[in-house]
Number of protein chains: 2
Amino acid sequence: MAKKTVGISDVAREAGVSVGTVSNSFNRPDSVAPETRARILAVVERLGYVRSESARQLRTGTSRIVALLVLDLANPFFVDVANGAERTARAAGLGVMVCTSAQSPSDEADYIGLFTEQQVRGVLVIPADPTGRSLEPLRRQGIPYVVVDRLVEDAEVCSVSVDDVTGGRLAVEHLLAQGHRRIAYISGPAHLQQIRDRRTGALAAVAAAGLPPEALHELPTAHMTIAAGRDAAARLLGLADRPTAVFCANDLLALGLEQALYAAGVKVPEEVAIVGYDDIEFASAVAVPLTSVRQPAAEMGRLATQMLLAEGDALGDEEGTHAHQAVVLQPELVVRTSSLHRAG
Amino acid sequence: MAKKTVGISDVAREAGVSVGTVSNSFNRPDSVAPETRARILAVVERLGYVRSESARQLRTGTSRIVALLVLDLANPFFVDVANGAERTARAAGLGVMVCTSAQSPSDEADYIGLFTEQQVRGVLVIPADPTGRSLEPLRRQGIPYVVVDRLVEDAEVCSVSVDDVTGGRLAVEHLLAQGHRRIAYISGPAHLQQIRDRRTGALAAVAAAGLPPEALHELPTAHMTIAAGRDAAARLLGLADRPTAVFCANDLLALGLEQALYAAGVKVPEEVAIVGYDDIEFASAVAVPLTSVRQPAAEMGRLATQMLLAEGDALGDEEGTHAHQAVVLQPELVVRTSSLHRAG
DNA sequence: CGGCCGGATTGAATCGATTCAATCCCTGCC
DNA sequence: GGCAGGGATTGAATCGATTCAATCCGGCCG
């Protein structure tokens with residue numbers, strides 16, 4: 001029963017050619033006579049031969065999969081990034097291995113270890129470890145990687161990110177323009193660069209409007225989830241001098257907030273205006289559609305993958321061919337109902 | 001600069017032992033003297049050695065990654081499945097390669113081809129191709145696979161699914177119990193077994209209530225997305241004898257529907273009651289929380305992975321050790337506001 | 001003192017595809 | 001007829017870890 005797996009030599013024997021020719025007919029079809037090739041392919045079909053990636057990879061040293069390590073697939077934003085990456089990778093004939101670090105630096109390190117052993121073609125990573133130390137093995141092994149959704153100044157790595165300072169500024173400028181003077185910022189874990197940048201932008205907008213920093217009241221959260229958004233709503237409503245507008249660090253928080261406010265009978269946007277971040281699909285699918293700062297998620301995935309492949313190609317050439325670059329994309333404010341009402 | 005990659009033989013030489021001992025100290029630590037092992041590990045550390053998966057895999061024939069092929073990560077339901085699978089796989093020291101077929105049988109076939117070449121440890125697949133033909137290569141190559149989210153009667157494969165007939169029945173029974181007599185079923189592509197099963201269950205409930213099949217008005221959609229839900233709303237409102245309740249084949253459709261109804265000034269649940277399917281997180285996060293049929297998504301991913309690993313283990317043993325099984329889980333109706341109102 | 005046992009170690013064979021220098025063979029040209 | 005040129009083909013060497021039969025060695029027992 002247990003037929004031996006058919007290898008390239010079985011095909012060669014059956015087709016009456018050498019293994020080299022069989023290999024060639026796959027990898028440089030032009031260098032082999034058409035009828036020979038046809039004969040070989042027929043045998044391949046008949047025997048059900050499939051080439052062993054591990055053998056190929058051992059010999060050539062290059063794998064056909066790229067890894068993508070995201071913080072959390074439960075956030076549709078990362079799914080969009082993944083889709084962008086998957087599409088471009090597939091176009092290049094590569095597979096994508098999507099993994100979740102769950103924001104845990106140790107999980108991240110584990111996965112990086114797995115990737116180096118696999119000698120993947122490259123790694124796209126949204127870092128959970130702010131120190132960047134867990135990426136060290138990649139550098140040592142010479143595996144190309146691109147940091148996604150975080151700006152890295154280091155000239156030794158490529159990165160694709162979105163200007164979060166501008167994003168935060170856009171959101172709060174918009175709220176200020178609507179007449180709001182007391183604004184809450186429902187944020188997230190302070191160790192995330194994104195969170196800090198968005199606050200910086202928000203504060204810049206506040207300052208530009210001639211208001212004191214206290215005009216922005218920060219309500220930190222641990223998880224940036226819908227549930228955390230609901231919790232934040234309770235805290236917001238408990239505030240003595242309740243803000244009339246809220247800027248949320250992502251749309252999940254904003255959705256949780258909006259729902260909790262609705263349940264509490266607080267009208268959005270009449271009593272409290274809301275601006276979210278990411279512009280996930282669900283932001284526009286609720287009864288009171290969410291104003292949000294859109295990030296070009298799929299585009300980031302696409303670009304990052306392209307840069308990764310470019311870097312991989314450059315590896316073969318002389319040293320120094322590849323110039324690492326930090327691409328910064330611009331966010332865009334998408335205004336919807338949740339923020340369209342002038343305050344008092 | 002370009003240091004040769006360090007291999008097991010470099011470690012062996014540096015540590016003054018043979019390659020066999022180095023290999024053993026990784027794979028059967030007990031069979032090597034503690035101090036020898038310590039010395040080897042020190043050298044490994046110093047040289048920054050990482051084992052080559054491709055070489056290992058070539059020799060042993062077994063990979064350390066399992067593949068998961070889902071229809072569409074944009075649907076949080078599949079993300080939950082993926083999370084369940086990823087957790088269990090990681091516990092077993094394996095990586096998961098998550099891929100998206102986008103419901104396209106040809107993409108599915110492509111990916112299956114990639115998986116066979118990679119000789120992955122196993123495949124979890126939510127089939128896009130109803131014929132199951134694209135899975136044939138897996139069987140030929142003897143790669144274990146488990147079909148997820150679809151019942152397969154074939155005694156030759158394992159499957160984990162949810163009883164969709166019951167799910168459909170629960171949903172419509174609930175609406176009937178609320179007094180509704182004209183019910184719409186916003187469905188999806190007819191070639192999906194899930195869609196047909198849910199209709200079957202819905203019709204059974206209608207029949208059990210002594211109503212004619214026409215009491216269930218089907219509105220098919222092509223994509224089962226939020227946008228499709230909005231479209232369906234327009235069609236629903238255009239119906240001559242407008243149903244007072246709607247059963248949606250998934251929550252994305254239901255969310256789109258609910259929003260469009262809200263925008264059209266049709267009150268939910270007073271004028272139209274809604275029941276969705278999947279119970280994704282967003283279903284409970286909107287202003288009028290959605291009644292939905294919950295599927296144990298993460299549990300499916302977990303179970304499927306376990307079955308896959310069990311099957312893989314059995315491969316080593318004598319033939320016939322592994323009994324393929326079709327596990328069917330039960331759905332559960334989660335009642336929320338969107339359906340809680342008695343029809344006129 | 002010799003023989004034996006068993007834990008530790010050795011190292012050559014092996015997995016299967018790729019590569020490339022060498023060979024073969026045919027055609028066209030002088 | 002001889003030869004250069006070139007397209008097609010060959011096959012042995014190679015990638016790096018695993019495996020297992022063979023060897024080694026130190027101590028224990030009779």
Side-chain angles (χ1 to χ4, degrees), chain A residues 2-41 43-44 47-64 113-114 116-120 141-142 316, chain B residues 2-41 43-44 47-64 113-114 116-120 141-142 316:
Chain A
K3 276 221 294 246
K4 300 265 293 183
T5 86
V6 328
I8 202 175
S9 60
D10 300 309
V11 175
R13 181 167 358 93
E14 200 75 8
V17 297
S18 79
V19 295
T21 305
V22 176
S23 178
N24 282 338
S25 75
F26 282 122
N27 303 327
R28 28 227 311 159
D30 306 326
S31 82
V32 52
E35 67 268 23
T36 312
R37 188 170 127 82
R39 182 155 37 96
I40 291 174
L41 291 185
V43 174
V44 163
L47 266 48
Y49 164 78
V50 306
R51 109 133 120 331
S52 156
E53 249 302 299
S54 46
R56 197 199 65 83
Q57 182 175 338
L58 171 59
R59 183 67 237 261
T60 65
T62 81
S63 142
R64 300 186 67 70
L114 181 64
T116 57
E117 291 198 348
Q118 299 275 352
Q119 293 173 268
V120 297
Q141 290 302 112
Chain B
K3 277 220 294 244
K4 299 267 293 185
T5 86
V6 331
I8 202 173
S9 60
D10 300 309
V11 174
R13 180 167 1 90
E14 199 76 8
V17 296
S18 79
V19 295
T21 305
V22 177
S23 177
N24 282 338
S25 75
F26 282 124
N27 303 328
R28 37 241 286 177
D30 307 325
S31 81
V32 54
E35 68 267 24
T36 312
R37 187 170 128 82
R39 182 156 36 98
I40 292 175
L41 291 185
V43 174
V44 163
L47 267 47
Y49 164 78
V50 305
R51 110 133 118 334
S52 157
E53 251 299 302
S54 46
R56 197 199 64 83
Q57 182 175 337
L58 171 59
R59 185 66 236 262
T60 65
T62 80
S63 143
R64 300 186 66 70
L114 180 65
T116 57
E117 291 198 347
Q118 299 276 353
Q119 293 173 270
V120 297
Q141 289 302 111

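Residue numbering restarts at 1 for every chain, and letters A, B, ... go by the order of the sequence lines.
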Can you tell me how far P of D:dA17 sits from CG of B:L47, to the nearest Å? 12 Å
With a 4.0 Å limit, can you tell me whether B:T60 has a side-chain N or O closer than that to the phosphate oxygens OP1/OP2 of C:dC15? no
OP1 or OP2 of D:dC15 under 4.0 Å from side-chain N/O of B:S54: no
Between CZ on residue A:R56 and CD on residue B:E117, distance to nearest 0.5 Å: 8.5 Å
Do any side-chain nitrogens or oxygens of B:S52 fall under 4.0 Å of OP1 or OP2 in D:dG16? no
Tell me the interatomic distance from B:Q118, atom CD, to C:dA17, atom P, rounded to whole angstroms. 14 Å
Spacing of B:N24 atom CG relative to C:dA8 atom P, expressed in whole Å: 11 Å
Could you tell me how far apart A:R28 (CZ) and D:dG7 (C1') are, to the nearest whole angstrom? 14 Å
Among the nucleotides C:dA8, D:dA17, C:dA12, whichever has the atom closest to the side chain of B:R56 is D:dA17
Find which nucleotide of DNA chain C each of A:E53 and B:G20 is nearest to by heavy atoms, and output the residue with the more 5' nucleotide. B:G20
Write down the distance between CD1 (B:I40) and C1' (D:dA17), rounded to a whole number of angstrom. 14 Å
Considering only D:dT18, C:dG16, D:dT9, which nucleotide approaches the side chain of B:V19 most closely? D:dT18
Base, sugar-phosphate or nothing for A:T21? Non-hydrogen atoms, less than 4.0 Å. base
B:S23 side chain N/O closer than 4.0 Å to the phosphate oxygens (OP1, OP2) of D:dT19? no
Contact class for A:D30 (heavy atom, under 4.0 Å): base, sugar-phosphate, or nothing? sugar-phosphate
Check the distance between D:dT19's P and B:R51's CZ and give it to me in whole angstrom. 10 Å
A:I8 vs A:S23, test: side chain to side chain contact (heavy atoms under 4.5 Å, CB included). Steps then yes/no. CA-CA 8 Å; A:I8 202 175; A:S23 178; 3.9 Å; yes
Just compare D:dT19, D:dT18, C:dA17 and give me whichever is closest to any side-chain atom of B:I8. D:dT18
In this structure, how many angstroms lie between the C1' atom of D:dG16 and the CG atom of B:D10, rounded? 10 Å
Calculate the interatomic distance between A:L58 atom CG and C:dA17 atom P; express it in whole Å. 12 Å
Establish, from distance only, whether the side-chain atoms of B:S52 and A:Q119 form a donor-acceptor pair under 3.5 Å. yes
Go through C:dA17, D:dG16, C:dA8 for me and flag the one nearest to the A:Y49 side chain. C:dA17
OP1 or OP2 of D:dT18 less than 4.0 angstrom from a side-chain nitrogen or oxygen of B:N27, does that happen here? yes
So what does B:V22 hit on the nucleic acid, given a heavy-atom distance under 4.0 Å: a base, only sugar-phosphate, or nothing? nothing
Would you say a side-chain N or O of A:S9 is under 4.0 Å from OP1 or OP2 of C:dG16? no
Using the side-chain heavy atoms of B:R59, tell me which of these nucleotides is nearest: D:dA12, C:dT9, D:dG16. D:dG16
Please tell me if A:S18 has a side-chain N or O lying less than 4.0 Å from either OP1 or OP2 of D:dT10. yes
